[in-house]
Amino acid sequence: MWINLCMSSTGHSRVPNLKHHFKQNNDFTKLLFHESHLPPNQQLAWPLRLLRFLVNPFTLLFAVAVLNIDDSQLFYDECQKRHDCLIGCEEDALPALKCQMTPKYTIKYNDNLYTDFFNYQPSQSQMYNSCQKLVTENVEIDYSEVDTDRQWRVHTCFE
């Protein structure tokens, strides 16, 4: 849109041409050139322009860092274990379809209500053994920081 304003013959009061556009909207040019195109009350001295030039990128980097620092990968990895166990159950039970969801059970465990279950029939497979070991890890799962009576809802297996 701005390119249309810069290249039009009539121009625009705020952006008469491409040179002015760069001067008004580029961080480097805002640092180097005196802001004579602005009203006197909006012009900044060079030290303040330098401060603006240094603070703006760090503010943006800080905002991005705050939005990206979380435990989502940890939650994903824990929830992926359940999916892996379901795949292992289906592979062990083929061609029979014994690993379908059983909606008749509910378990309340450490203030979490679980309603979606599948029954993994005992077998000698490596996947069954690794899924069975996950039962003992339920106690080690962290508790919520907001609701301290409740564990994270990432439990995979119950006996």
Those residues that, when tested against Pro39, pass side-chain contact (heavy atoms from CB on, under 4.5 Å) (two or more places apart): Asn41, Gln42
same_hphob_cluster(Trp46, Leu51) at 4.5 Å side-chain heavy-atom cutoff: no
If hydrophobic clusters are built by linking Ile, Leu, Val, Met, Phe, Trp and Tyr wherever their side-chain heavy atoms come under 4.5 Å apart, do Phe53 and Leu44 end up in the same one? no
So do the side chains of Cys131 and Tyr128 get within less than 4.5 Å of each other, counting heavy atoms only? no
Between atom CE of Met127 and atom CG of Asp92, what is the distance when rounded to the nearest 0.5 Å? 8.5 Å
Qualifying salt bridge (charged side-chain N to carboxylate O under 4.0 Å, His left out) pairs, either residue in residues 27-39, two or more places apart: Glu35-Arg52
Within the structure provided, determine whether Arg82 and Leu86 are in side-chain contact (heavy-atom separation under 4.5 Å). no
Where is the tightest heavy-atom contact between Asn129 and Ser123, given as atom of each residue plus distance? OD1-O, 4.4 Å
Is there a path from Leu50 to Leu32 through hydrophobic residues (I, L, V, M, F, W, Y) whose side chains come within less than 4.5 Å of each other? yes
Let me confirm one number: the SG-CD distance from Cys85 to Gln132, rounded to the nearest 0.5 Å. 10.5 Å
Working to the nearest 0.5 Å, report the span between CD of Gln43 and CZ of Arg49. 9.0 Å
Could you measure the distance from the CG atom of Leu61 to the CG atom of Asn56? Nearest 0.5 Å is fine. 11.0 Å
Partner residues of Phe62 under the ring-ring contact (aromatic ring centres under 6.0 Å, His included) criterion, sequence neighbours left out: none
